[in-house]
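The first residue of the sequence shown is numbered 1, and numbering continues consecutively from there. Side chains included, hydrogens not; waters and symmetry mates left out as well; all remaining heavy atoms used.
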Amino acid sequence: AREDRRGTLAAVRAALRTAGDLAATAASLELRASIAARCADPLLRFAPLGLTARALLEVEELYRRILWAPREAGPGAAVEGTGPGHERRLREEARRVGARRREPAFGTADLPAVLGRTVLVEFVRAGDALTAVTVRDGRCRRFELAPYPELARELRFARLAATRALMDGGPEREAFAPLRGWFAEVLAEVAGRDVVIAPAGELHGMPWAALVEEPFSVVPSAAAWVSAVTAPPREGPVVPIAGAGAPHAAAEIRAVREIYGPSAAGPGALQRARVVHFAGHGTYRADDPLLSGLVTERGTVTGYELAGIGGAPELVVLSACDAGRGRDAVGIPGQLLALGVRTVIASVLPVDDARAVEFMAAVHRDLAAGSRPAEALAGAGREPGTLGFQCFGAG
């Protein structure tokens, strides 16, 4: 009210750090998101006022610290039943679990050294305003984008058009062509470089392969990406899992086994795994993305229950419809990254089961040959029905 921008920024920073300290005691992503919405979202409306790109990135990272932090795997929400009462109990059980590990110290000043020639694009939403902050060769720039409600509406229309195109056998990519103009300046900034993308809001449902030609990874925050890329590699077997009621799953699992050889099985296989590949059906819940799940022979495994898988494979591949969708950092990929998984490959769009078999075989052949996950995805080609697959984390 006094137009004291320096004082306002100091107050916003202090409040975000306080909210971050509070959220750091909670393991539940859903609870952390609730804390962020109640404590931090109103503060971010003040943040863009007169800030440099670097300062805006710092404030956004403080906000994302509330939403996401790595931790050790703990007990998942093991609650039997179905229906609204069951879902409520799942949330309540997850909220009782305390965080076992605080986020590592990280400052935006450390980013250029870790990024190298990779470009970071982090989106900042403040009310209806949407800004992109990029870090390229140590230089921060900010790009003012279209109002968030307009862009979110355009993305929803594009997703509907892409789903219709898939049902009719056509390419989904054309549905997202109008969005290239909305991101033209940002796309020019990342051209020719590997890209790390930290979306905001409904941009977590964007199939970035429709816009970005270069290898890219999607992350909950810059700090999350640094945590993933600096984690030590993991040794262990490849564990393929076939979901229930998916005709393509058996063929996809056979293809994975042919590439890697005999796979681990039996009790404890997941805890020892270096790579886990799931082929089957996925479900998405917009009201609570952690109620999204993977359909197995034993029932649907939700994001809440994944918190108790034990261990953290280096790579998890989810060949299932919409398994990569989420809201902010809340969803199956965010849950797995928080548990220490370095990279998740999943789709933010419906998947064509028949085409997924060869697509996934091509990705795994490149992975087995030593390609990074993002490179393997970029090199596999984009047939209709596979546009939504993308890397999350260190890809």
Is any side-chain heavy atom of [Y] closer than 4.5 Å to one of [X]?
| X | Y | value |
| --- | --- | --- |
| Thr296 | Ile241 | no |
| Arg65 | Asp21 | yes |
| Arg342 | Arg234 | no |
| Val348 | Gln390 | yes |
| Arg91 | Asp288 | yes |
| Leu62 | Val12 | no |
| His281 | Thr283 | no |
| Arg193 | Asp137 | yes |

If I take atom [atom1] from residue [X] and atom [atom2] from residue [Y], how far apart are they, to the nearest 0.5 angstrom?
| X | Y | atom1 | atom2 | result |
| --- | --- | --- | --- | --- |
| Thr302 | Leu290 | OG1 | CG | 7.5 Å |
| Met360 | Leu367 | CE | CG | 9.5 Å |
| Ile259 | Asp366 | CD1 | CG | 9.5 Å |
| Leu130 | Arg125 | CG | CZ | 8.5 Å |
| Arg257 | His277 | CZ | NE2 | 11.0 Å |
| Leu318 | Leu294 | CG | CG | 5.5 Å |

After noting the C-alpha distance and the side-chain angles of Trp182 and Glu150, does the key distance pass the side-chain contact (heavy atoms from CB on, under 4.5 Å) rule? CA-CA 10 Å; Trp182 297 61; Glu150 294 181 21; 3.9 Å; yes
Taking salt bridge (Lys or Arg N to Asp or Glu O under 4.0 Å) as the test, write out the residues that go with [X], two or more places apart.
| X | result |
| --- | --- |
| Arg382 | none |
| Asp168 | Arg164 |
| Arg153 | none |

What is the minimum heavy-atom distance between [X] and [Y], and which atoms define it?
| X | Y | result |
| --- | --- | --- |
| Leu120 | Ala222 | CD2-CB, 4.0 Å |
| Ile253 | Ala242 | CG1-CB, 3.9 Å |
| Ala198 | Ser221 | CB-CA, 4.5 Å |
| Gly393 | Ala228 | C-CB, 4.3 Å |
| Pro384 | Arg355 | O-CD, 2.8 Å |
| Leu31 | Ala26 | CD2-CB, 3.6 Å |

Considering the options Trp225, Phe123, Phe392, which one meets the side chain to side chain contact (heavy atoms under 4.5 Å, CB included) requirement together with Ile197? Phe123
Output, in order, the C-alpha distance, side-chain angles, deciding distance and verdict of side-chain contact (heavy atoms from CB on, under 4.5 Å) for Asp110 and Val226. CA-CA 9 Å; Asp110 305 321; Val226 171; over 6 Å; no
Examine distances only and state if a side-chain atom of [X] and a backbone atom of [Y] form a donor-acceptor pair shorter than 3.5 Å.
| X | Y | answer |
| --- | --- | --- |
| Ser227 | Ala223 | no |
| Gln335 | Leu29 | no |
| Glu172 | Gly385 | yes |
| Arg372 | Gly395 | no |
| Arg32 | Ile66 | yes |

Salt bridge (Lys or Arg N to Asp or Glu O under 4.0 Å): which pairs involve residues 315-329, sequence neighbours left out? Arg159-Asp322
Output every pair passing salt bridge (Lys or Arg N to Asp or Glu O under 4.0 Å) with a member in residues 199-217, not counting sequence neighbours, ordered by first then second residue. Arg156-Glu202
Is Leu67 reachable from Ile35 through a run of I, L, V, M, F, W or Y residues, each pair having side-chain heavy atoms under 4.5 Å apart? yes
Under 4.5 Å between side-chain heavy atoms, hopping through other hydrophobics if needed: is there a path connecting Tyr284 to Val301? no
Option from Phe183, Phe216, Phe176 for which ring pair (Phe, Tyr, Trp, His ring centres under 6.0 Å) with Trp208 holds: Phe183
Phe359: what forms a ring-ring contact (aromatic ring centres under 6.0 Å, His included) with it, not counting sequence neighbours? Phe389
Stepwise side-chain contact (heavy atoms from CB on, under 4.5 Å) test for Leu111 and Leu57: CA-CA 11 Å; Leu111 262 178; Leu57 178 63; 4.0 Å; yes
Any ion pair linking [Y] and [X] (charged N to carboxylate O, less than 4.0 Å)?
| X | Y | result |
| --- | --- | --- |
| Arg136 | Glu189 | no |
| Glu358 | Arg365 | yes |
| Arg274 | Glu314 | no |

Counting only heavy atoms not in Glu185, do more than 12 sit closer than 6.0 Å to its CD atom? no
